[in-house]
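A quick write-up on the structure given underneath.
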Amino acid sequence: MRTRRSTRLGFQPPAIGEEEVAAVAETLRSGWLTTGPRAALLEERMAAYLEAEHVVALASGTAALHLALLGLGVGPGDEVITTPITWPATANVIEHCGATPVFCDVCESDLNIDPSLIPALVTERTKAIMPVHLAGQPADLDPILELGLPVVEDAAHAAESRYRGRKIGSISDATCFSLYATKNIAAGEGGLVATNRADVAEAIRSMRLTRRGDGSLYDQVTAGFKANLSDVLAAIALVQLDRLDAHTRIRERQFALYDEGLAGLDGIEPLARDERDTHALHLYVVRIDAERAGATRDEYQRALGEELIGTSIHFLPVHRLTWFRERYPSQPRLPVAERAGDEVLSLPLSPAHSDEDILDAVDAVRRVHARCTG
Ligand SMILES: Cc1ncc(COP(=O)(O)O)c(C=O)c1O
(Lines give C-alpha, C1' and ligand atoms only; values in the text may rest on other atoms or scores of the structure.)
Protein backbone atom coordinates (compact mmCIF):
# COMPACT_ATOMS: atom_id res chain seq x y z
CA MET A 1 0.00 0.00 0.00
CA ARG A 2 1.13 3.57 -0.73
CA THR A 3 2.12 5.91 2.07
CA ARG A 4 0.25 8.95 3.32
CA ARG A 5 0.46 12.06 1.10
CA SER A 6 2.71 14.95 2.05
CA THR A 7 0.52 17.57 0.33
CA ARG A 8 -3.21 18.04 0.57
CA LEU A 9 -5.30 16.63 -2.30
CA GLY A 10 -8.04 19.12 -3.17
CA PHE A 11 -11.56 17.74 -3.50
CA GLN A 12 -12.43 19.22 -6.89
CA PRO A 13 -9.95 21.82 -8.21
CA PRO A 14 -10.79 23.32 -11.61
CA ALA A 15 -8.77 22.15 -14.62
CA ILE A 16 -7.69 25.51 -15.99
CA GLY A 17 -4.81 25.81 -18.44
CA GLU A 18 -3.00 28.35 -20.55
CA GLU A 19 -5.79 28.40 -23.17
CA GLU A 20 -8.29 29.67 -20.62
CA VAL A 21 -5.76 32.28 -19.48
CA ALA A 22 -5.24 33.37 -23.09
CA ALA A 23 -8.99 33.50 -23.75
CA VAL A 24 -9.51 35.78 -20.74
CA ALA A 25 -6.63 38.06 -21.79
CA GLU A 26 -8.02 38.28 -25.31
CA THR A 27 -11.48 39.13 -23.97
CA LEU A 28 -10.14 41.85 -21.70
CA ARG A 29 -8.21 43.34 -24.63
CA SER A 30 -11.38 43.26 -26.74
CA GLY A 31 -13.12 45.61 -24.30
CA TRP A 32 -16.09 43.26 -23.73
CA LEU A 33 -16.25 42.91 -19.96
CA THR A 34 -19.98 42.35 -19.79
CA THR A 35 -22.33 40.26 -21.96
CA GLY A 36 -21.21 40.39 -25.58
CA PRO A 37 -20.18 38.20 -28.52
CA ARG A 38 -18.61 35.43 -26.41
CA ALA A 39 -21.75 34.95 -24.33
CA ALA A 40 -23.73 34.81 -27.60
CA LEU A 41 -21.30 32.26 -29.06
CA LEU A 42 -21.51 30.18 -25.88
CA GLU A 43 -25.31 30.12 -26.20
CA GLU A 44 -25.04 29.02 -29.83
CA ARG A 45 -22.43 26.33 -29.17
CA MET A 46 -24.19 25.02 -26.07
CA ALA A 47 -27.49 24.80 -27.98
CA ALA A 48 -25.74 22.58 -30.55
CA TYR A 49 -24.01 20.55 -27.83
CA LEU A 50 -27.16 20.12 -25.74
CA GLU A 51 -29.34 19.46 -28.82
CA ALA A 52 -31.69 22.21 -27.63
CA GLU A 53 -33.51 24.87 -29.66
CA HIS A 54 -32.51 27.71 -27.33
CA VAL A 55 -29.87 28.34 -24.70
CA VAL A 56 -29.83 31.45 -22.53
CA ALA A 57 -26.60 32.31 -20.66
CA LEU A 58 -26.98 33.58 -17.09
CA ALA A 59 -24.92 34.65 -14.10
CA SER A 60 -25.28 31.38 -12.15
CA GLY A 61 -27.00 28.04 -12.05
CA THR A 62 -29.18 29.46 -9.30
CA ALA A 63 -30.29 32.32 -11.59
CA ALA A 64 -30.98 29.75 -14.32
CA LEU A 65 -33.29 27.78 -12.02
CA HIS A 66 -34.98 30.92 -10.72
CA LEU A 67 -35.68 32.48 -14.12
CA ALA A 68 -36.74 29.11 -15.58
CA LEU A 69 -39.44 28.81 -12.90
CA LEU A 70 -40.54 32.41 -13.43
CA GLY A 71 -40.49 31.85 -17.21
CA LEU A 72 -42.93 28.98 -16.72
CA GLY A 73 -45.18 31.23 -14.65
CA VAL A 74 -44.48 29.81 -11.18
CA GLY A 75 -45.64 32.32 -8.59
CA PRO A 76 -47.21 32.88 -5.17
CA GLY A 77 -49.50 30.10 -3.98
CA ASP A 78 -47.99 27.50 -6.31
CA GLU A 79 -46.24 24.30 -5.27
CA VAL A 80 -43.18 22.81 -6.92
CA ILE A 81 -42.20 19.20 -6.24
CA THR A 82 -38.47 18.60 -5.88
CA THR A 83 -35.86 16.40 -4.23
CA PRO A 84 -34.28 17.06 -0.85
CA ILE A 85 -30.94 15.58 -2.00
CA THR A 86 -29.66 18.71 -3.73
CA TRP A 87 -27.88 21.97 -3.17
CA PRO A 88 -30.27 24.31 -1.27
CA ALA A 89 -30.46 26.66 -4.29
CA THR A 90 -32.88 24.23 -5.98
CA ALA A 91 -35.41 24.80 -3.21
CA ASN A 92 -34.48 28.43 -2.49
CA VAL A 93 -35.51 29.57 -5.96
CA ILE A 94 -38.96 28.05 -5.43
CA GLU A 95 -39.23 30.25 -2.33
CA HIS A 96 -37.98 33.27 -4.31
CA CYS A 97 -40.90 32.79 -6.73
CA GLY A 98 -43.26 32.95 -3.73
CA ALA A 99 -44.08 29.26 -4.20
CA THR A 100 -43.74 26.31 -1.81
CA PRO A 101 -41.25 23.48 -2.26
CA VAL A 102 -42.77 20.04 -1.74
CA PHE A 103 -40.01 17.54 -1.03
CA CYS A 104 -40.28 14.03 -2.43
CA ASP A 105 -38.15 11.16 -1.15
CA VAL A 106 -35.43 9.66 -3.33
CA CYS A 107 -34.51 6.25 -4.77
CA GLU A 108 -32.22 4.10 -2.64
CA SER A 109 -30.07 3.26 -5.68
CA ASP A 110 -28.96 6.65 -7.06
CA LEU A 111 -30.57 9.12 -4.59
CA ASN A 112 -32.48 10.85 -7.41
CA ILE A 113 -36.14 11.80 -6.92
CA ASP A 114 -38.34 8.67 -6.73
CA PRO A 115 -40.95 9.09 -9.50
CA SER A 116 -43.25 6.49 -7.94
CA LEU A 117 -43.81 8.82 -4.96
CA ILE A 118 -44.59 11.96 -6.96
CA PRO A 119 -48.28 11.33 -7.89
CA ALA A 120 -49.29 11.28 -4.22
CA LEU A 121 -47.75 14.76 -3.79
CA VAL A 122 -49.48 16.39 -6.78
CA THR A 123 -52.27 18.82 -5.86
CA GLU A 124 -54.21 21.38 -7.85
CA ARG A 125 -51.54 23.90 -6.80
CA THR A 126 -48.65 21.90 -8.28
CA LYS A 127 -47.11 24.07 -10.97
CA ALA A 128 -43.90 22.22 -11.80
CA ILE A 129 -41.61 19.30 -10.97
CA MET A 130 -37.88 19.85 -10.49
CA PRO A 131 -35.75 16.70 -10.65
CA VAL A 132 -31.99 16.91 -10.04
CA HIS A 133 -29.52 14.67 -11.86
CA LEU A 134 -27.36 13.93 -8.85
CA ALA A 135 -23.63 13.45 -9.51
CA GLY A 136 -24.37 13.20 -13.26
CA GLN A 137 -26.80 10.24 -13.17
CA PRO A 138 -30.03 11.32 -14.89
CA ALA A 139 -33.18 11.08 -12.81
CA ASP A 140 -35.81 8.74 -14.24
CA LEU A 141 -37.57 11.33 -16.41
CA ASP A 142 -40.15 9.31 -18.39
CA PRO A 143 -42.56 8.68 -15.49
CA ILE A 144 -42.14 12.32 -14.43
CA LEU A 145 -42.91 13.66 -17.91
CA GLU A 146 -45.93 11.34 -18.13
CA LEU A 147 -47.58 13.32 -15.32
CA GLY A 148 -48.05 16.14 -17.84
CA LEU A 149 -46.82 18.94 -15.56
CA PRO A 150 -44.09 21.42 -16.55
CA VAL A 151 -40.64 20.03 -15.72
CA VAL A 152 -37.55 22.09 -14.86
CA GLU A 153 -34.45 19.91 -14.63
CA ASP A 154 -31.58 20.87 -12.35
CA ALA A 155 -28.71 19.64 -14.51
CA ALA A 156 -25.94 21.41 -12.58
CA HIS A 157 -24.09 18.06 -12.46
CA ALA A 158 -25.20 16.78 -15.84
CA ALA A 159 -23.58 18.70 -18.71
CA GLU A 160 -22.62 15.49 -20.54
CA SER A 161 -25.53 13.29 -19.46
CA ARG A 162 -27.97 11.43 -21.67
CA TYR A 163 -31.19 9.85 -20.47
CA ARG A 164 -31.95 6.68 -22.44
CA GLY A 165 -29.96 8.16 -25.34
CA ARG A 166 -31.60 11.60 -25.23
CA LYS A 167 -29.35 14.54 -24.40
CA ILE A 168 -30.12 16.18 -21.06
CA GLY A 169 -31.03 19.69 -22.18
CA SER A 170 -33.17 18.52 -25.10
CA ILE A 171 -36.01 16.85 -23.20
CA SER A 172 -38.15 18.96 -20.86
CA ASP A 173 -39.56 22.51 -20.66
CA ALA A 174 -36.34 23.93 -19.21
CA THR A 175 -33.02 22.39 -18.19
CA CYS A 176 -30.62 24.39 -16.02
CA PHE A 177 -26.85 24.05 -15.94
CA SER A 178 -24.18 25.62 -13.72
CA LEU A 179 -20.73 26.88 -14.75
CA TYR A 180 -19.59 27.15 -11.11
CA ALA A 181 -15.89 26.53 -10.35
CA THR A 182 -16.30 22.84 -9.54
CA LYS A 183 -18.57 21.93 -12.42
CA ASN A 184 -17.64 19.92 -15.53
CA ILE A 185 -17.71 23.15 -17.57
CA ALA A 186 -16.10 25.48 -15.05
CA ALA A 187 -16.09 29.21 -15.74
CA GLY A 188 -15.94 30.23 -12.07
CA GLU A 189 -19.55 31.37 -12.03
CA GLY A 190 -22.31 31.16 -14.61
CA GLY A 191 -25.42 29.28 -15.65
CA LEU A 192 -27.42 28.24 -18.70
CA VAL A 193 -31.05 27.42 -19.42
CA ALA A 194 -31.69 25.08 -22.34
CA THR A 195 -35.24 24.90 -23.71
CA ASN A 196 -37.11 23.98 -26.87
CA ARG A 197 -39.81 26.53 -26.03
CA ALA A 198 -39.35 29.92 -27.71
CA ASP A 199 -41.74 31.53 -25.19
CA VAL A 200 -39.71 30.33 -22.21
CA ALA A 201 -36.41 31.43 -23.79
CA GLU A 202 -37.85 34.84 -24.58
CA ALA A 203 -39.28 35.29 -21.07
CA ILE A 204 -35.89 34.45 -19.52
CA ARG A 205 -34.02 36.74 -21.92
CA SER A 206 -36.32 39.60 -21.04
CA MET A 207 -35.85 39.03 -17.28
CA ARG A 208 -32.07 38.53 -17.18
CA LEU A 209 -31.46 42.25 -17.73
CA THR A 210 -33.66 45.24 -17.21
CA ARG A 211 -34.42 45.72 -20.86
CA ARG A 212 -33.47 48.90 -22.58
CA GLY A 213 -35.76 50.61 -25.07
CA ASP A 214 -34.90 51.25 -28.71
CA GLY A 215 -35.03 55.03 -28.52
CA SER A 216 -32.47 57.44 -27.14
CA LEU A 217 -34.02 57.28 -23.66
CA TYR A 218 -34.05 53.97 -21.84
CA ASP A 219 -37.26 52.25 -20.93
CA GLN A 220 -38.30 49.22 -18.90
CA VAL A 221 -40.88 46.67 -20.02
CA THR A 222 -40.48 44.25 -17.11
CA ALA A 223 -38.97 44.45 -13.61
CA GLY A 224 -35.92 42.51 -14.67
CA PHE A 225 -33.01 41.05 -12.75
CA LYS A 226 -29.26 41.42 -13.18
CA ALA A 227 -28.49 37.85 -14.11
CA ASN A 228 -26.50 38.11 -17.34
CA LEU A 229 -23.20 36.29 -17.99
CA SER A 230 -19.99 38.27 -18.48
CA ASP A 231 -17.99 37.67 -21.67
CA VAL A 232 -14.87 37.12 -19.53
CA LEU A 233 -16.53 34.06 -17.99
CA ALA A 234 -18.11 32.97 -21.28
CA ALA A 235 -14.60 32.93 -22.81
CA ILE A 236 -13.46 30.46 -20.13
CA ALA A 237 -16.57 28.31 -20.64
CA LEU A 238 -15.92 28.14 -24.41
CA VAL A 239 -12.44 26.68 -23.84
CA GLN A 240 -13.83 24.29 -21.22
CA LEU A 241 -16.43 23.12 -23.73
CA ASP A 242 -13.62 22.28 -26.16
CA ARG A 243 -11.93 20.26 -23.43
CA LEU A 244 -15.03 18.30 -22.43
CA ASP A 245 -14.27 15.08 -24.33
CA ALA A 246 -10.67 14.96 -23.10
CA HIS A 247 -11.88 15.60 -19.57
CA THR A 248 -14.50 12.85 -19.88
CA ARG A 249 -11.76 10.34 -20.66
CA ILE A 250 -9.89 11.37 -17.49
CA ARG A 251 -13.09 11.19 -15.43
CA GLU A 252 -13.78 7.68 -16.81
CA ARG A 253 -10.32 6.57 -15.69
CA GLN A 254 -10.79 8.09 -12.25
CA PHE A 255 -14.17 6.38 -11.82
CA ALA A 256 -12.62 3.06 -12.87
CA LEU A 257 -9.77 3.48 -10.36
CA TYR A 258 -12.28 4.10 -7.56
CA ASP A 259 -14.59 1.27 -8.64
CA GLU A 260 -11.71 -1.16 -8.69
CA GLY A 261 -9.84 0.17 -5.66
CA LEU A 262 -12.84 0.33 -3.33
CA ALA A 263 -14.53 -2.91 -4.45
CA GLY A 264 -14.99 -5.30 -1.58
CA LEU A 265 -14.69 -2.75 1.23
CA ASP A 266 -17.58 -3.80 3.46
CA GLY A 267 -20.02 -0.94 4.07
CA ILE A 268 -18.64 1.40 1.38
CA GLU A 269 -20.70 1.49 -1.83
CA PRO A 270 -20.77 3.95 -4.73
CA LEU A 271 -24.12 5.33 -5.91
CA ALA A 272 -25.72 3.25 -8.68
CA ARG A 273 -25.13 4.25 -12.30
CA ASP A 274 -27.74 3.14 -14.83
CA GLU A 275 -26.15 1.54 -17.90
CA ARG A 276 -29.00 2.72 -20.11
CA ASP A 277 -27.92 6.32 -19.50
CA THR A 278 -24.78 8.39 -20.04
CA HIS A 279 -23.46 9.54 -16.69
CA ALA A 280 -21.65 12.91 -16.58
CA LEU A 281 -19.14 11.51 -14.04
CA HIS A 282 -19.32 14.78 -12.10
CA LEU A 283 -19.01 13.35 -8.59
CA TYR A 284 -17.82 10.04 -7.19
CA VAL A 285 -20.16 9.58 -4.25
CA VAL A 286 -19.93 6.64 -1.86
CA ARG A 287 -22.31 5.72 0.94
CA ILE A 288 -20.76 4.69 4.22
CA ASP A 289 -22.84 2.30 6.28
CA ALA A 290 -21.49 3.03 9.77
CA GLU A 291 -22.25 -0.43 11.15
CA ARG A 292 -20.45 -2.35 8.44
CA ALA A 293 -17.71 0.20 7.72
CA GLY A 294 -16.86 0.52 11.41
CA ALA A 295 -17.30 4.30 11.63
CA THR A 296 -19.69 7.03 10.58
CA ARG A 297 -19.40 9.15 7.45
CA ASP A 298 -18.32 12.09 9.61
CA GLU A 299 -15.58 10.00 11.20
CA TYR A 300 -14.42 8.85 7.77
CA GLN A 301 -14.39 12.45 6.52
CA ARG A 302 -12.30 13.54 9.51
CA ALA A 303 -9.87 10.62 9.14
CA LEU A 304 -9.46 11.31 5.41
CA GLY A 305 -8.80 14.97 6.21
CA GLU A 306 -5.99 13.82 8.50
CA GLU A 307 -4.69 11.78 5.56
CA LEU A 308 -4.72 15.09 3.57
CA ILE A 309 -7.54 13.93 1.31
CA GLY A 310 -10.21 16.60 0.65
CA THR A 311 -13.80 15.36 0.48
CA SER A 312 -17.27 16.88 0.34
CA ILE A 313 -20.91 16.01 1.01
CA HIS A 314 -23.58 15.88 -1.72
CA PHE A 315 -25.94 16.44 -0.07
CA LEU A 316 -27.46 17.05 3.35
CA PRO A 317 -31.26 16.77 2.90
CA VAL A 318 -32.52 20.30 2.28
CA HIS A 319 -35.75 19.85 4.27
CA ARG A 320 -33.66 19.17 7.41
CA LEU A 321 -31.62 22.39 7.12
CA THR A 322 -32.50 24.96 9.77
CA TRP A 323 -34.34 27.45 7.58
CA PHE A 324 -36.59 24.87 5.90
CA ARG A 325 -37.13 22.95 9.17
CA GLU A 326 -38.27 26.11 10.93
CA ARG A 327 -40.37 27.30 8.02
CA TYR A 328 -42.13 23.95 7.50
CA PRO A 329 -42.17 22.36 10.98
CA SER A 330 -44.68 19.67 10.04
CA GLN A 331 -42.69 18.51 7.03
CA PRO A 332 -43.13 14.71 6.64
CA ARG A 333 -40.05 12.57 7.25
CA LEU A 334 -38.27 11.32 4.15
CA PRO A 335 -36.50 8.19 5.39
CA VAL A 336 -34.38 7.33 2.35
CA ALA A 337 -33.05 10.88 1.96
CA GLU A 338 -32.47 11.32 5.66
CA ARG A 339 -30.42 8.14 5.99
CA ALA A 340 -28.48 9.00 2.82
CA GLY A 341 -27.70 12.44 4.22
CA ASP A 342 -25.77 10.73 7.05
CA GLU A 343 -23.95 8.35 4.71
CA VAL A 344 -22.85 10.15 1.52
CA LEU A 345 -19.26 11.21 0.98
CA SER A 346 -17.80 12.57 -2.27
CA LEU A 347 -14.19 11.65 -3.03
CA PRO A 348 -11.65 13.79 -4.95
CA LEU A 349 -12.41 13.87 -8.67
CA SER A 350 -11.12 16.32 -11.25
CA PRO A 351 -9.35 16.35 -14.62
CA ALA A 352 -6.73 18.39 -12.75
CA HIS A 353 -5.85 15.28 -10.69
CA SER A 354 -3.46 12.57 -11.85
CA ASP A 355 -4.14 8.85 -11.61
CA GLU A 356 -1.59 8.82 -8.77
CA ASP A 357 -3.68 11.37 -6.88
CA ILE A 358 -6.77 9.18 -7.17
CA LEU A 359 -4.78 6.12 -6.09
CA ASP A 360 -3.65 8.10 -3.04
CA ALA A 361 -7.31 8.77 -2.22
CA VAL A 362 -8.21 5.09 -2.75
CA ASP A 363 -5.42 3.93 -0.47
CA ALA A 364 -6.32 6.47 2.19
CA VAL A 365 -9.92 5.15 2.21
CA ARG A 366 -8.59 1.60 2.44
CA ARG A 367 -6.30 2.51 5.34
CA VAL A 368 -9.11 4.22 7.25
CA HIS A 369 -11.42 1.26 6.55
CA ALA A 370 -8.78 -1.20 7.80
CA ARG A 371 -8.34 0.82 10.99
CA CYS A 372 -12.10 1.12 11.59
CA THR A 373 -12.94 -2.50 10.91
CA GLY A 374 -9.73 -4.15 12.21
C1 LIG B 1 -27.47 20.45 -7.78
C2 LIG B 1 -27.12 21.91 -7.85
N3 LIG B 1 -28.08 22.81 -8.17
C4 LIG B 1 -27.83 24.11 -8.27
C5 LIG B 1 -26.57 24.62 -8.04
C6 LIG B 1 -26.38 26.09 -8.12
O7 LIG B 1 -25.50 26.47 -9.13
P8 LIG B 1 -24.67 27.86 -8.99
O9 LIG B 1 -23.65 27.65 -7.92
O10 LIG B 1 -24.05 28.03 -10.36
O11 LIG B 1 -25.63 28.93 -8.67
C12 LIG B 1 -25.54 23.72 -7.69
C13 LIG B 1 -24.16 24.10 -7.42
O14 LIG B 1 -23.53 24.99 -7.30
C15 LIG B 1 -25.82 22.35 -7.60
O16 LIG B 1 -24.87 21.47 -7.26
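The structure presented is a predicted model; accordingly, all values stated were derived computationally and were not measured.
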Practice problem: Identify the heavy atoms of Leu233 and Glu189 that sit nearest to each other, and give their distance. | Solution: CD1-O, 3.5 Å
Self-check item: Shortest non-hydrogen separation from Ala237 to Ile185 and the atoms involved
Solution: O-CG2, 3.8 Å
Practice problem: Specify whether Tyr284 and Phe255 have parallel, tilted or perpendicular ring planes, treating 30° as the upper limit for parallel and 60° as the lower limit for perpendicular. | Solution: perpendicular
Self-check item: Cluster check Leu149, Leu65: I/L/V/M/F/W/Y, side chain < 4.5 angstrom
Solution: no
Quiz item: Are Ile313 and Val285 co-members of a hydrophobic cluster defined by side-chain heavy atoms under 4.5 Å apart?
Solution: yes
Quiz item: Between the main-chain N or O of Thr7 and the side-chain N or O of Arg5, is there a donor-acceptor pair closer than 3.5 Å?
Solution: yes
Quiz item: Is it true that Glu306 and Arg4 have a side-chain N and a carboxylate O under 4.0 angstrom from each other?
Solution: no
Self-check item: Donor-acceptor contact below 3.5 Å, side chain Gln254 vs main chain Leu281
Solution: no
Quiz item: Parallel, tilted or perpendicular: which fits the ring planes of His157 and His314, with parallel below 30° and perpendicular above 60°?
Solution: perpendicular
Quiz item: Is there a side-chain contact between Ile268 and Tyr300 (heavy atoms, below 4.5 Å)?
Solution: yes
Exercise. For residues Ser312 and Phe11, report the shortest heavy-atom separation together with the two atoms involved.
Key: CB-CE2, 3.5 Å
Exercise. Flag the pair Val232 / Thr27 as yes when at least one side-chain heavy-atom distance between them is below 4.5 Å, and no otherwise.
Key: yes
Exercise. Apply the test salt bridge (Lys or Arg N to Asp or Glu O under 4.0 Å) to residues Arg287 and Glu108: give CA-CA distance (whole Å), side-chain angles for both, the deciding distance (0.1 Å), then the verdict.
Key: CA-CA 11 Å; Arg287 288 182 71 166; Glu108 193 72 58; 3.0 Å; yes
Exercise. Answer yes if the side chains of Gln137 and Asp274 hold a donor-acceptor pair under 3.5 Å, and no otherwise.
Key: no
Quiz item: Would you find a donor on one side and an acceptor on the other, under 3.5 Å apart, between the side chain of Arg297 and the backbone of Ile288?
Solution: no
Quiz prompt | Stepwise ring-ring contact (aromatic ring centres under 6.0 Å, His included) check, Tyr328 with Phe103 | solution = CA-CA 11 Å; Tyr328 303 107; Phe103 294 105; 7.5 Å; no
Quiz item: Under the 3.5 angstrom rule, does the side chain of Thr311 hit a backbone N or O of Leu345 as a donor-acceptor pair?
Solution: no
Exercise. Would you check if Leu67 and Leu58 make a side-chain contact, meaning some heavy-atom pair closer than 4.5 Å?
Key: yes
Quiz item: So, for Tyr49 and Lys167, which heavy atoms are closest and what is the spacing to 0.1 Å?
Solution: O-CE, 3.5 Å
Exercise. Begin with the C-alpha distance, continue with both residues' side-chain angles, and end with the deciding distance and a verdict on side-chain contact (heavy atoms from CB on, under 4.5 Å) for Val132 and Thr90.
Key: CA-CA 8 Å; Val132 176; Thr90 317; 4.0 Å; yes
Exercise. Mark yes or no for whether Asp173, through its side chain, and Pro150, through its backbone, hold a donor-acceptor pair below 3.5 Å.
Key: no
Quiz item: With distance as the sole test, does Asn184 use its side chain to make a donor-acceptor pair with the main-chain N or O of Ala158 at under 3.5 Å?
Solution: no
Quiz item: Is any side-chain heavy atom of Arg273 closer than 4.5 Å to a side-chain heavy atom of Leu271?
Solution: no
Quiz item: Short question: side chain of Asp110, backbone of Ala272 - any donor-acceptor pair under 3.5 Å?
Solution: no
Quiz item: Under the 3.5 angstrom rule, does the side chain of Glu160 hit a backbone N or O of Thr278 as a donor-acceptor pair?
Solution: no
Quiz prompt | Candidate pair Val193 and Cys176, rule side-chain contact (heavy atoms from CB on, under 4.5 Å), full reasoning | solution = CA-CA 5 Å; Val193 179; Cys176 303; 4.2 Å; yes
Exercise. Could you tell me whether Arg45 and Asp242 make a salt bridge, using a distance below 4.0 angstrom between a side-chain N and a carboxylate O?
Key: yes
Practice problem: Group every Ile, Leu, Val, Met, Phe, Trp and Tyr by side-chain heavy-atom contacts under 4.5 Å, then state whether Ile144 and Val152 land in the same group. | Solution: no
Self-check item: Side-chain touch Leu69/Met130, heavy atoms, less than 4.5 angstrom
Solution: yes
Quiz item: Roughly how far, to the nearest 0.5 Å, is the CZ atom of Arg125 from the CG atom of Asp78?
Solution: 8.0 Å
Exercise. May I ask whether Leu145 and Ile129 are part of the same hydrophobic cluster, defined by side-chain heavy atoms of I, L, V, M, F, W, Y residues being less than 4.5 angstrom apart, directly or through others?
Key: yes
Exercise. Using modelled atom types only, decide if a donor and an acceptor are shared between the side chain of Glu153 and the backbone of Leu141 within a distance under 3.5 Å.
Key: no
Quiz prompt | Pair Arg367 + Asp360, salt bridge at N-O below 4.0 Å | solution = no
Quiz item: Around Tyr180, counting heavy atoms of other residues, nucleotides and ligands shown, do more than 12 lie under 6.0 Å from its OH?
Solution: no
Quiz item: Looking only at heavy atoms, which two atoms of Ala203 and Gly71 are closest? And how far apart?
Solution: CB-CA, 4.1 Å
Quiz item: Roughly how far, to the nearest 0.5 Å, is the CG atom of Asp355 from the CG atom of Leu257?
Solution: 5.0 Å
Quiz prompt | Evaluation steps, side-chain contact (heavy atoms from CB on, under 4.5 Å), between Val56 and Val200 | solution = CA-CA 10 Å; Val56 185; Val200 173; over 6 Å; no
Quiz item: Between Glu79 and Thr123, is any side-chain donor less than 3.5 angstrom from a side-chain acceptor?
Solution: yes
Quiz item: Do the side chains of Lys127 and Leu72 get nearer than 4.5 Å, heavy atoms only?
Solution: no
Practice problem: For the residue pair Arg162 and Glu51, establish whether any side-chain heavy-atom pair is separated by less than 4.5 Å. | Solution: yes
Quiz item: How many angstroms lie between CG in Leu304 and CD in Glu299, if you round to the nearest 0.5 Å?
Solution: 12.0 Å
Quiz item: Any side-chain heavy-atom pair from Pro101 and Phe324 closer than 4.5 angstrom?
Solution: yes
Exercise. Report the relative orientation of the aromatic rings in His66 and Phe225; use parallel for angles under 30°, tilted for 30 to 60°, perpendicular for over 60°.
Key: perpendicular
Quiz item: Is the closest basic N to carboxylate O distance between Asp142 and Arg166 below 4.0 Å?
Solution: yes
Practice problem: Identify the heavy atoms of Asp231 and Trp32 that sit nearest to each other, and give their distance. | Solution: CB-O, 3.5 Å
Self-check item: From Ser170 atom OG to Glu53 atom CD, the distance as rounded to the nearest 0.5 Å
Solution: 10.0 Å
Quiz item: Counting distance only, does the side-chain N/O of Glu338 pair as donor-acceptor with the main-chain N or O of Leu334 below 3.5 Å?
Solution: yes
Self-check item: Spatial distance of atom SG (Cys104) from atom NE2 (His319) [nearest 0.5 Å]
Solution: 11.0 Å
Quiz item: Is there a path from Leu42 to Phe177 through hydrophobic residues (I, L, V, M, F, W, Y) whose side chains come within less than 4.5 Å of each other?
Solution: yes
Quiz item: Side chains of Ser354 and Asp357: is there a donor and an acceptor less than 3.5 Å apart?
Solution: yes
Quiz item: In Å, rounded to the nearest 0.5 Å, how long is the span from CD of Gln240 to CD1 of Ile16?
Solution: 4.5 Å
Quiz item: How far apart are the C-alpha atoms of Ser161 and Asp277, what are their side-chain angles, what is the distance that settles it, and do they pass the side-chain contact (heavy atoms from CB on, under 4.5 Å) test?
Solution: CA-CA 7 Å; Ser161 301; Asp277 302 325; over 6 Å; no
Exercise. Decide salt bridge (Lys or Arg N to Asp or Glu O under 4.0 Å) for Asp140 and Arg164; before the verdict, give the C-alpha distance in whole Å, the side-chain angles of both, and the deciding distance to 0.1 Å.
Key: CA-CA 9 Å; Asp140 191 6; Arg164 313 288 195 263; 3.5 Å; yes
